[in-house]
Q: 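Provided herewith is a single structure, encoded as structure tokens, for subsequent inquiry.
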Amino acid sequence: MPWNLNSDRPIFIQIIEKIQVDIISGLYMPGDKLPSVRELAQEASVNPNTMQKALSELERTGLVYAQRTSGRFITEDTTMIDELKSKLAKEIVTEFLENMQKLGFQKEETISLLEKTLATEKSTKGEADNDTGM
Amino acid sequence: MILECKDLTKTYHGFPALSDISLQIDEGHIIGLLGPNGSGKTTLIKLIAGLLSPSSGTISIEGNPVGPASKSLISYLPDHFYLDGHRKVKDIIGFFHDFYRDFEPLRAYDMLGKLNIDPNQKLKTFSKGTKEKVHLILAMSRRAKLYLLDEPIAGVDPAARDYILQTILSNYDENASILISTHLISDIENILDQVVFLHKGRIHTHACVDELRQETHKSIDDLFREVFKC
């Protein structure tokens, strides 16, 4: 599981984002125990202090909670996870729309292009399915 | 506090190599000591290791002045080879075991195994990169409080470099600190949490790496290139 961290943005922020996505995508389920700071730091090849900072920040937002002696766990509050999911999705869509606007696309054009792309994706995917069926 | 340097100055025949260095390092950090050639990195490391004595100013390591007590707390990796090439790696390990109370032979053998280095071979039979690996393994196999690594990965291939960085991360404990001097900033900047920029023998910057990234929107490597642009 590569972490793909860039050096030009604070590492702890990128770690937070990565763990958020891992929670949303279900790689970590609600109530799961997180690996230790040390293990995570080694896996990501980052300084343990940086990992510690990221986890403390996740704890502050409530997405992760610490239990005195047994470590850190993913929140069992699924509403919170759902809210984070829609927040991140909204950010991605907003960024996409901004980029399309930079290219000179009006909203309607963007939507019709989206629909067209989805339609071709569906048909090529259909073909691929047929291929494997043969 | 593990290391405290106060108003440290070192002159070589009247030429100042380091001027008014004041530096404090707490435990549990990995600090990059970065600077252009001739900025004083090796001089600073040698002063802390006790191989040079300062022209003025003081150094204390866990409250001890530089001397036998401080040296027992410091594991120093010089920027050149210093071991007898005619000896076998396993003999050198025995020598380290006799010499340093905090040296752990098992850790050294474990790392040698992972890097496919045969301890029965003589040191001189190895390539430059492998010799570097052996020296670094020996330095990291001590349970020191302060590791001084002067250019530890310069001659090592990128794949082994990754393993060595992992080794550094997995071998140091929260009560120790590591000071690493290097020019290969982009390779190591993710494992650093602080950097010290040395410029013409003075401290230009001493800061937390993520804060520098946040302020400048640059990697430490880019920042270095900007600050020390020729």
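Letters go in sequence order (proteins before strands), and every chain restarts at 1.
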Q: Quick one, Ile11(A) and Arg213(B) - any side-chain contact, counting heavy atoms below 4.5 Å?
A: yes

Q: Give a yes or no answer on whether the side chain of Asp210(B) reaches the backbone of Phe12(A) with a donor-acceptor pair at less than 3.5 Å.
A: yes

Q: Mark yes when over 12 heavy atoms from residues, nucleotides or ligands other than Gln101(A) sit less than 6.0 Å from its CD; otherwise mark no.
A: no

Q: Is it the side chain or the backbone of Ser45(A) that comes within 4.5 Å of chain B heavy atoms, both, or neither?
A: both

Q: Under 6.0 Å from the CD atom of Glu91(A), do we count more than 12 heavy atoms belonging to anything else shown?
A: yes

Q: Taking the side chain as every heavy atom from C-beta outward, state whether Asn49(A) and His29(B) have any atom pair closer than 4.5 Å.
A: yes

Q: Should we count CE of Met1(B) as having more than 12 external heavy atoms under 6.0 Å?
A: yes

Q: Please say whether more than 12 non-hydrogen atoms of neighbouring residues, nucleotides or ligands are located less than 6.0 Å from NZ in Lys87(A).
A: no

Q: How long is the straight-line distance from CD1 of Ile168(B) back to CG of Asn47(A), given to the nearest 0.5 Å?
A: 11.5 Å

Q: Can you confirm whether Pro48(A) sits close enough to Leu169(B) that some side-chain heavy atom of one is under 4.5 Å from a side-chain heavy atom of the other?
A: yes

Q: With the side chain counted from C-beta on, respond yes when Ser7(A) and Ile220(B) share a heavy-atom pair under 4.5 Å apart, and no when they do not.
A: no

Q: Surrounding NE2 of His183(B) (heavy atoms of other residues, nucleotides or ligands, distance under 6.0 Å), is the total greater than 12?
A: yes

Q: Can any side-chain N or O of Arg9(A) pair as donor or acceptor with the backbone N or O of Gln214(B) at less than 3.5 Å?
A: no

Q: What's the separation between atom CG in Asp8(A) and atom CG in Leu223(B), rounded to the nearest 0.5 Å?
A: 12.0 Å

Q: To the nearest 0.5 Å, what is the distance between OG on Ser170(B) and CD on Glu39(A)?
A: 12.0 Å

Q: Could you tell me whether a side-chain N or O of Gln166(B) sits under 3.5 Å from a main-chain N or O of Gln42(A), the two making a donor and an acceptor?
A: yes

Q: With a 4.5 angstrom heavy-atom cut-off, which part of Asp222(B) approaches chain A: side chain, backbone, both or neither?
A: neither

